[in-house]
Amino acid sequence: MSELVIEGLRAAAGGKEILKGIDLRVASGEVHAVMGPNGAGKSTLSAIVMGRPGFEVLSGSVTLDGADVLAMATWERAAAGLHLVMQYPTEVPGVMLRDVMAEAFAGRDRSADGLEELLVDEARRIGFEDRFLERALNVDLSGGEKKRNETLQLAVLAPRIAILDELDSGLDIDALRHCARRVEEMTEHADGGGEPLGVLAITHYSRLLDELEPDRVHILADGRIVSSGGPELAAQLEVDGYGAFATDTHASETDASASALSGLL
Ligand code: ADP
Ligand code: MG
């Protein structure tokens, strides 16, 4: 079994503290939803876990099966089994998806025999037209096609733990269903018979969770997890909105952490 463990994570970008102490554990086969309003720090959390440049860890730890993720280069994190489905997939003119996948396999000492069949098979499973496999990565794809493309890469690479940063943004209801169902299947069983996928699903709508069933739901507001619970928490959020979980009572704490931060930067 694999486990991603985030403990006491505080992080900053642009001189501002964004994550103010996050604790999360995601194990193989589990789906943890992190829900929160715009600007809560959801994408920052994914950036820190994957090692995106421009973000600074102030304190805390991130480990994958005990290995120090924060000490690894981004490619090492990916090779270790972490994968990010990006909120805004990048267009890469001149680079074909199959070449990216072949390089990723090589980076994992995995044979690329059968890769072509795997790509075609996975594309069919999520309703991604084969002809898009001939295009440069994400170039001239619609929002929904880009997210299908991201899901295809996830399914082909079969990482240990995946972070989905708003898989549900910018795609229509059919694409959402296809992508969410494929991820749900991966969390139930691995095709190769290995461990099922563990998922950290970042979203601000509960509709993703109709297909991708969360074991735990965490509400992130102003850089903190302000509530955690079962799937019923997502349903409650749909009724009450994020206002019910507001964190403006933390003003004095925020001032204290801001001065602690200025000492660190
Ligand atoms: P979410 O994904 O929950 O909408 P983000 O993690 O993208 O939120 O952003 C959280 C906060 O951090 C926002 O106020 C945003 O403006 C700020 N932020 C994000 N990235 C940077 C950056 N590189 N420099 C400065 N501020 C940033
Ligand atoms: Mg975001």
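Values reported hereafter were calculated over all heavy atoms of this structure, with side chains retained and with hydrogens, waters and symmetry mates removed. Numbering starts at 1 and runs along the sequence shown. Quick caveat: nothing in here was measured; it's all calculated off a predicted structure. All ligand and atom numbering here is 1-based and tracks the order in the structure.
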Quiz item: Taking the six-membered ring of F55, is NZ or CZ of R52 closer than 6.0 Å to its centre and within 45° of its axis?
Solution: no

Exercise. Report the nearest protein non-hydrogen atom to atom 18 (N) of ligand 1: residue, atom name, distance rounded to 0.1 Å.
Key: I18 CD1, 3.6 Å

Quiz item: For ligand 1, is G39 a contact, meaning one of its heavy atoms is under 4.0 Å away?
Solution: yes

Quiz item: So if you build clusters from Ile, Leu, Val, Met, Phe, Trp, Tyr with side-chain heavy-atom gaps below 4.5 Å, do V226 and I22 land together?
Solution: no

Quiz item: Tell me, do I225 and D23 make a side-chain contact under 4.5 Å, heavy atoms counted?
Solution: no

Quiz item: Is there a path from L220 to L233 through hydrophobic residues (I, L, V, M, F, W, Y) whose side chains come within less than 4.5 Å of each other?
Solution: no

Quiz prompt | Common cluster, L154/V156, ILVMFWY with side-chain heavy-atom separation under 4.5 Å | solution = no

Quiz item: Does E7 reach the side chain of R25, with side-chain heavy atoms less than 4.5 Å apart?
Solution: yes

Practice problem: Go around the Mg ion (ligand 2) and count every protein N, O or S atom nearer than 2.8 Å. | Solution: 2

Quiz item: Quick one: nearest non-hydrogen protein atom to atom 5 (P) of ligand 1, plus distance?
Solution: T44 OG1, 3.7 Å

Exercise. Just let me know how Q87 lines up against ligand 1, side chain, backbone, both or neither, with a heavy-atom cut-off below 4.0 Å.
Key: neither

Practice problem: Please work out which of A11, A13, A40 has its closest non-hydrogen atom nearest to atom 26 (N) of ligand 1. | Solution: A13

Exercise. Please check atom 1 (P) of ligand 1 for a protein heavy-atom neighbour under 4.0 Å.
Key: yes

Exercise. Report yes if the side chains of S28 and R160 come closer than 4.5 Å at any heavy-atom pair, otherwise no.
Key: no

Quiz item: Does the pair L70 and I48 meet the rule for a side-chain contact (heavy atoms from CB on, under 4.5 Å), with working shown?
Solution: CA-CA 8 Å; L70 299 177; I48 293 288; 4.2 Å; yes

Practice problem: Could you find the nearest protein heavy atom to atom 16 (O) of ligand 1 and give me its residue, atom name and distance? | Solution: K16 NZ, 4.6 Å

Quiz item: Does K42 reach the main-chain N or O of G36 with its side chain, forming a donor-acceptor pair under 3.5 Å?
Solution: yes

Practice problem: Among all protein heavy atoms, pick the one closest to atom 7 (O) of ligand 1 and tell me residue, atom and distance. | Solution: S43 CB, 3.6 Å

Quiz item: Purely on distance, is any nitrogen or oxygen of N38 under 3.5 Å from one on ligand 1?
Solution: no

Quiz item: Heavy-atom distance under 4.5 Å between the side chains of V183 and E185, does that happen here?
Solution: no

Quiz item: G41 to ligand 1: N or O pair under 3.5 Å?
Solution: yes

Quiz item: Are side-chain heavy atoms of P196 and E188 found at a separation under 4.5 Å?
Solution: no

Quiz item: With a 4.0 Å heavy-atom cut-off (strictly under), which part of P37 contacts ligand 1: side chain, backbone, both or neither?
Solution: backbone

Self-check item: Per atom 3 (O) of ligand 1, closest listed option by heavy atom (H204, K42, E166)
Solution: K42

